[in-house]
Amino acid sequence: MATPFDRTPFVLSPPAAPVERHGQVDLHLPAGDGPRPAVVLVHGAPLPPGASDPRDWLLYRGYGALLAEQGLVAAVVSYRVDELTGFPAAAEDVAAAVAQVRADPRVDADRLVLWFFSGGGLLLGDWLRAAPSWLRGLVGTYPLLEPLPGWEVEARFHPVDAVASAGDLPILLVRAGRDRPPVLAGIEAFTSAAAASGRTVRVLDVPDGRHGFDALDHTDQSRDAVRAARDAVVALLRDA
């Protein structure tokens, strides 16, 4: 029997970091004194029926440890979208979690990156349209940037239509070459819209990666891609 995705190991094995649970946010804390830059990790949506809290998935625990190892506070947010009508409430939950992270005295409130995964990518739109000054960049790993065929969601959850409003905010997308065609089409539409508005979006390709490659495909290519994304995030959060 196949291992459920939430119990599938992360492709890297960073040393575990101390983890604190505060409401809907898990903080993976680096060694040493703060305040430290932070990365807020936003999982995919909708979750499958009966799915466990993504903060307990080995994938996100792995990312939390990986970022803490680099001296960053990693905040993994938990929210639920059981129906497509739930995206507005999810956006509010994510915004509240970001505010909570920024208010933590161990966090440098002026240096944050938001990192979205899979269906969580639809939540990028708000941050593209009104990027706050403390936001150092947006990252999407196998992100859904247009609703899937047949999905009806509010216009604010169409990131492709928002990218032209993002100014010079750095954006990194991690594209899995063997992803689902609608996901790849959304990434293509997003990068094309960015180019049409004179913006540059960095794309990190994982040619043989599947959707969820960072847990499903334990290959050197996957590991190198995760490290490259991590290094890009660290670079975004360096002192100016």
Any residue meeting ring pair (Phe, Tyr, Trp, His ring centres under 6.0 Å) with Tyr142, in chain and number order, not counting sequence neighbours: His211, Phe213

By salt bridge (charged side-chain N to carboxylate O under 4.0 Å, His left out) - contacts of Asp104 (at least two apart): Arg106

Mind checking what makes side-chain contact (heavy atoms from CB on, under 4.5 Å) contact with Pro35, not counting sequence neighbours? Asp108

In residues 36-54, what donor-acceptor pairs under 3.5 Å come from side-chain atoms, sequence neighbours left out?
| residue | atom | partner | partner atom | Å |
| --- | --- | --- | --- | --- |
| Arg36 | NE | Asp33 | O | 2.8 |
| Arg36 | NH1 | Gly71 | O | 3.0 |
| Arg36 | NH2 | Ala31 | O | 2.8 |
| Arg36 | NH2 | Asp33 | O | 3.4 |
| His43 | NE2 | Tyr79 | N | 3.3 |
| His43 | NE2 | Tyr79 | O | 3.2 |
| Ser52 | OG | Asp6 | OD2 | 2.7 |
| Ser52 | OG | Trp57 | NE1 | 3.0 |
| Asp53 | OD1 | Arg55 | N | 2.9 |
| Asp53 | OD1 | Arg55 | NE | 3.2 |
| Asp53 | OD1 | Ser78 | OG | 3.2 |
| Asp53 | OD2 | Arg55 | NE | 3.2 |
| Asp53 | OD2 | Arg55 | NH2 | 2.8 |
| Asp53 | OD2 | Ser78 | OG | 3.4 |

With a 4.5 Å cut-off on side-chain heavy atoms, are Leu135 and Leu138 touching? yes

Roughly how far, to the nearest 0.5 Å, is the CG atom of Leu114 from the CG atom of Leu123? 10.5 Å

Please determine whether residues Leu148 and Phe190 belong to a single hydrophobic cluster, defined as Ile, Leu, Val, Met, Phe, Trp and Tyr linked transitively by side-chain heavy-atom distances below 4.5 Å. yes

Between Phe5 and Leu58, is any pair of side-chain heavy atoms under 4.5 Å apart? no

To the nearest 0.5 Å, tell me how far Asp110 CG sits from Leu237 CG. 11.5 Å

Answer yes or no: is there a donor N or O on one side and an acceptor on the other, between the side chain of Glu20 and the main chain of Asp26, under 3.5 Å? no

I need the Gln70 CD to Leu66 CG distance, nearest 0.5 Å. 6.5 Å

Are Leu236 and Val201 co-members of a hydrophobic cluster defined by side-chain heavy atoms under 4.5 Å apart? no

Applying salt bridge (charged side-chain N to carboxylate O under 4.0 Å, His left out), can you list everything that pairs with Arg178, at least two apart in sequence or on another chain? none

Rounding to 0.5 Å, atoms CG (Leu67) and CG (Leu29) come to a distance of 12.0 Å

Same apolar cluster (I L V M F W Y, side chains within < 4.5 Å links), Val233/Ile171: no

For residues 87-103, dump all side-chain donor-acceptor pairs below 3.5 Å to protein atoms at least two apart in sequence or in another chain.
| residue | atom | partner | partner atom | Å |
| --- | --- | --- | --- | --- |
| Gln100 | NE2 | His22 | O | 3.1 |
| Arg102 | NE | Ala109 | O | 2.9 |
| Arg102 | NH2 | Ala109 | O | 3.1 |

Under the rule for salt bridge (charged side-chain N to carboxylate O under 4.0 Å, His left out), what residues qualify as partners of Arg7, not counting sequence neighbours? none

In terms of heavy-atom contacts, Pro159 and Gly125 come closest through CG-N, 4.1 Å

Inter- and intrachain pairs under salt bridge (charged side-chain N to carboxylate O under 4.0 Å, His left out), touching residues 214-225, at least two apart: Arg210-Asp217, Asp220-Arg223, Asp224-Arg227

Listed partners of Asp231 passing salt bridge (charged side-chain N to carboxylate O under 4.0 Å, His left out), at least two apart: none

Which distance, rounded to the nearest 0.5 Å, do you find between the OG1 of Thr191 and the CZ of Arg202? 15.0 Å

For Gln221 and Val11, what are the C-alpha separation, side-chain angles and deciding distance, and is it a side chain to side chain contact (heavy atoms under 4.5 Å, CB included)? CA-CA 10 Å; Gln221 186 181 98; Val11 295; over 6 Å; no

Do Val107 and Val25 belong together in a cluster built from hydrophobic side chains that touch within less than 4.5 Å? yes

Can you list every pair that meets salt bridge (charged side-chain N to carboxylate O under 4.0 Å, His left out) and has a residue in residues 68-91, with sequence neighbours left out? Arg80-Asp82

Minimum-distance pair of heavy atoms, taken over all atoms of Ala176 and Leu184: O-CD2, 3.3 Å

Sequence neighbours excluded, the answer for ring pair (Phe, Tyr, Trp, His ring centres under 6.0 Å) partners of Tyr63 is Phe10, Trp115, Phe117

Minimal heavy-atom distance between Ala16 and Ala65, with the atoms involved, is CA-CB, 4.2 Å

Heavy-atom donor-acceptor pair, Ser192 side chain to Glu188 backbone, under 3.5 Å: yes

Side chain to side chain donor-acceptor pair (under 3.5 Å) pairs touching residues 143-166, sequence neighbours excluded, are Asp126-Arg156

Nearest 0.5 Å please: distance from the CG atom of Leu122 over to the CG atom of Leu144. 4.0 Å

For Val163 and Ala193, the nearest pair of non-hydrogen atoms, with its separation, is CG1-CB, 3.7 Å

Is the shortest side-chain heavy-atom distance between Phe157 and Pro147 below 4.5 Å? no

Any non-hydrogen side-chain atom of Val19 less than 4.5 Å from a side-chain atom of Leu27? no

Between Val206 and Arg175, does the side chain to side chain contact (heavy atoms under 4.5 Å, CB included) criterion hold? Intermediate values first, please. CA-CA 6 Å; Val206 192; Arg175 178 169 54 195; over 6 Å; no

For the hydrophobic clusters of this structure (ILVMFWY residues joined by side-chain heavy atoms under 4.5 Å, transitively), does one cluster hold both Val139 and Leu173? no

